[in-house]
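Order of appearance sets the numbers: ligands from 1, and atoms from 1 within every ligand.
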Amino acid sequence: MNIFVTGCTGYIGSHTCVELLNAGYNVIGLDNFSNSKREVLDKIKQITNKKIKFYEGDMLDESILDKIMNENNIDVVVDFAAYKAVGDSVVKPISYYINNVSSVLTLIKVMQKHNVKKLIFSSSATVYGKQDIMPITEEMPIGNTTNPYGTSKLFVEHILNDLSIADPEFKIIVFRYFNPVGAHPSGLIGENPNGIPANLMPFIAKVATKELECLSVFGDDYDTLDGTGVRDYIHIVDLAKAHLNGINKLNNMNEGGLLVYNLGTGKGYSVLEMIKTFEKVNNVTINYKIAPRRSGDIDTCYADSSKASKELGWTASLNLEDMCKDAYNFVINNK
Ligand code: NAD
Ligand code: UFG
């Protein structure tokens, strides 16, 4: 079976390609390296002993999508290509809407032209905005996003919903990821943001290696057990494996439609719990200080992932210690 993966050298894309190749799928990949490095392709080969059929190009370019569909008998598309930096999206909203929304429109147009009608789309817990009740289920209302990145994901969800009504042959899965962290246990691929990381786990890892001096804990006066923000961290390998379950589901759907699944562990951990676990598992000290709240942050966010468990047969199996161990292993291997 031929799976077309957009954004295949990115953080989630690369780990998913590894799982797809290990499971025996043929992987056709596209990336423009706007947020990843070509060397990831070699790393994927090192891990799996198999190769992606890779195309360098931009998802906004209809002709390369056409070429890929012409040259490969694509069964399923898994779409990861997008910009994802929340702060950056506030400064450059239009480039986020073009890259994250127009690219999907182009993709759908080409898929329809080539009669490829199975799609997995990478959405985010950010579409839920601030919810008062935890855990978050898929039935809870979406909207009230707090930044253009989140709004771009929300728009695409609406577009896909409209598409599934207008073209009932389309089989679509929308995955709402919670907080993917960690790295492949080989230490060969992982999250390698350019510059100073905006997210917690890569920041902690760089404080551990002394590349960064001190972690700012954004707020200790939230309505949580220890006052710091609580999130549902999920190991990247667990998250990647969910895409195999998603593909099975698409292949077994009797009719078209759109299905939405949360991907998380169902457990929330605070920033201080993250720091403590990281220190214990890796035998390091994390230098941190309490800083003011970060604008747009919420107290608590964790998933009810029971729908994915019931309908896809998927549950996360790796714990917070695995996440911290593999995140550190990756940074010390890639300093
Ligand atoms: P990433 O930036 O590591 O990977 C995205 C990849 O897509 C990169 O390799 C980039 O070069 C490529 N890309 C971007 N625009 C492109 C374009 N126009 N044409 C071709 N390639 C393009 O991000 P990630 O963490 O792997 O995220 C993958 C998807 O999951 C994104 O859609 C993101 O919004 C979504 N997501 C991520 C998180 C997270 O915390 N990492 C959470 C929720 C949702
Ligand atoms: N935090 C710190 N210091 C830091 C970075 C983060 O204290 O230097 C705290 C935040 O305040 C928050 C928690 O750590 O309480 C997690 O923050 P992240 O930035 O790692 O993750 P977010 O939950 O804010 O957002 C991430 C992605 C979004 C995505 C969301 C849900 O950045 O794009 O998860 O998937 F939408």
Are there any protein N or O atoms under 3.5 Å from the N or O atoms of ligand 2? List them with distances, or say none.
{"residue": "ligand 2", "atom": "3 (N)", "partner": "S216", "partner atom": "O", "Å": "2.8"}
{"residue": "ligand 2", "atom": "7 (O)", "partner": "S216", "partner atom": "O", "Å": "3.4"}
{"residue": "ligand 2", "atom": "7 (O)", "partner": "F218", "partner atom": "N", "Å": "2.9"}
{"residue": "ligand 2", "atom": "11 (O)", "partner": "D297", "partner atom": "OD2", "Å": "2.6"}
{"residue": "ligand 2", "atom": "17 (O)", "partner": "R294", "partner atom": "NH2", "Å": "3.4"}
{"residue": "ligand 2", "atom": "19 (O)", "partner": "N199", "partner atom": "ND2", "Å": "3.0"}
{"residue": "ligand 2", "atom": "19 (O)", "partner": "R294", "partner atom": "NH1", "Å": "3.3"}
{"residue": "ligand 2", "atom": "19 (O)", "partner": "R294", "partner atom": "NH2", "Å": "2.9"}
{"residue": "ligand 2", "atom": "20 (O)", "partner": "N199", "partner atom": "ND2", "Å": "3.4"}
{"residue": "ligand 2", "atom": "20 (O)", "partner": "L200", "partner atom": "N", "Å": "2.9"}
{"residue": "ligand 2", "atom": "21 (O)", "partner": "N179", "partner atom": "ND2", "Å": "3.2"}
{"residue": "ligand 2", "atom": "23 (O)", "partner": "N179", "partner atom": "ND2", "Å": "3.0"}
{"residue": "ligand 2", "atom": "23 (O)", "partner": "R231", "partner atom": "NE", "Å": "2.7"}
{"residue": "ligand 2", "atom": "24 (O)", "partner": "R294", "partner atom": "NH2", "Å": "2.9"}
{"residue": "ligand 2", "atom": "32 (O)", "partner": "N199", "partner atom": "ND2", "Å": "2.8"}
{"residue": "ligand 2", "atom": "34 (O)", "partner": "N179", "partner atom": "ND2", "Å": "3.4"}
{"residue": "ligand 2", "atom": "35 (O)", "partner": "S124", "partner atom": "OG", "Å": "3.4"}
{"residue": "ligand 2", "atom": "35 (O)", "partner": "Y177", "partner atom": "O", "Å": "3.1"}
{"residue": "ligand 2", "atom": "35 (O)", "partner": "F178", "partner atom": "O", "Å": "2.6"}

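Side-chain atoms of Y83 and S95 include no donor-acceptor pair closer than 3.5 Å.
Scanning the protein heavy atoms around atom 25 (O) of ligand 1, the nearest turns out to be K84 NZ, 2.8 Å. The protein atom (non-hydrogen) at minimum distance from atom 19 (N) of ligand 1 is M59 N, 2.9 Å. The protein heavy-atom contact nearest to atom 2 (O) of ligand 1 is N35 ND2, 2.7 Å. The protein heavy atom nearest to atom 29 (C) of ligand 1 is F80 O, 3.3 Å. Protein heavy atom nearest atom 18 (N) of ligand 1, with residue, atom name and distance: N99 OD1, 2.7 Å.
Between G29, S36, S123, P180, it is S123 that holds the heavy atom closest to atom 44 (C) of ligand 1. Taking only non-hydrogen atoms, the option from Y11, Y149, F175 nearest to atom 36 (N) of ligand 1 is Y149. Counting only non-hydrogen atoms, the option in S14, A82, G13 that gets closest to atom 5 (C) of ligand 1 is A82. Counting heavy atoms only, D31 comes closest to atom 9 (O) of ligand 1 of the residues T9, D31, D79.
Looking at Y83 next to ligand 1, no N or O pair under 3.5 Å apart turns up. At least one N or O atom of G10, backbone or side chain, sits closer than 3.5 Å to an N or O atom of ligand 1. Between Y177 and ligand 1, no N or O atom pair is found at a separation short of 3.5 Å. Remark: ligand 1 and L30 share no N or O pair separated by less than 3.5 Å (distance only, no angle test). Close N/O approach between A81 and ligand 1 is not found [any backbone or side-chain N/O within under 3.5 Å]. For the pair N32 and ligand 1, the shortest N or O to N or O distance falls below 3.5 Å.
For ligand 1, the atoms lying closer than 4.0 Å to a non-hydrogen atom of G57 are 19 (N), 20 (C). Distances below 4.0 Å separate heavy atoms of D58 from the following atoms of ligand 1: 17 (C), 18 (N), 19 (N). Under a 4.0 Å criterion applied to the non-hydrogen atoms of F33, ligand 1 contributes the atoms 11 (O). For ligand 1, the atoms closer than 4.0 angstrom to any heavy atom of K153 are 31 (C), 32 (O), 33 (C), 34 (O). Less than 4.0 angstrom separates some heavy atom of S122 from each of these atoms of ligand 1: 29 (C), 30 (O), 32 (O), 35 (C). Here is the list of ligand 1 atoms found below 4.0 Å of a heavy atom in S34: 10 (C), 11 (O), 13 (N), 14 (C), 15 (N). Against a heavy-atom cut-off of under 4.0 Å, S124 is close to the following atoms of ligand 1: 43 (C), 44 (C).
No option in M201, E279, M323 other than M201 meets the side-chain contact (heavy atoms from CB on, under 4.5 Å) test with M274.
Taking 4.5 Å as the limit, every side-chain heavy atom of K171 sits out of range of all side-chain heavy atoms of V76. A heavy-atom distance below 4.5 Å is found between the side chains of F80 and H243. In this structure, the side chains of F33 and E56 come closer than 4.5 Å at one or more pairs of heavy atoms. Side-chain contact between F175 and F121: absent, with no pair of heavy atoms (C-beta onward) separated by less than 4.5 Å. With a 4.5 Å cut-off on side-chain heavy atoms, T209 and Y328 count as touching.
Under the 4.0 angstrom criterion for non-hydrogen atoms, A125 is not in contact with ligand 1.
Figure legend: cation-pi geometry between R293 and Y222, with NZ or CZ positioned under 6.0 Å from the six-membered ring centre and within 45° of its axis.
Between the side chain of D75 and the backbone N or O of N2 there is at least one donor-acceptor pair closer than 3.5 Å. Between the N282 side chain and the C324 main chain, a donor and an acceptor come within less than 3.5 Å of each other.
A salt bridge does not link E138 with K307: none of the charged nitrogens is closer than 4.0 Å to a carboxylate oxygen.
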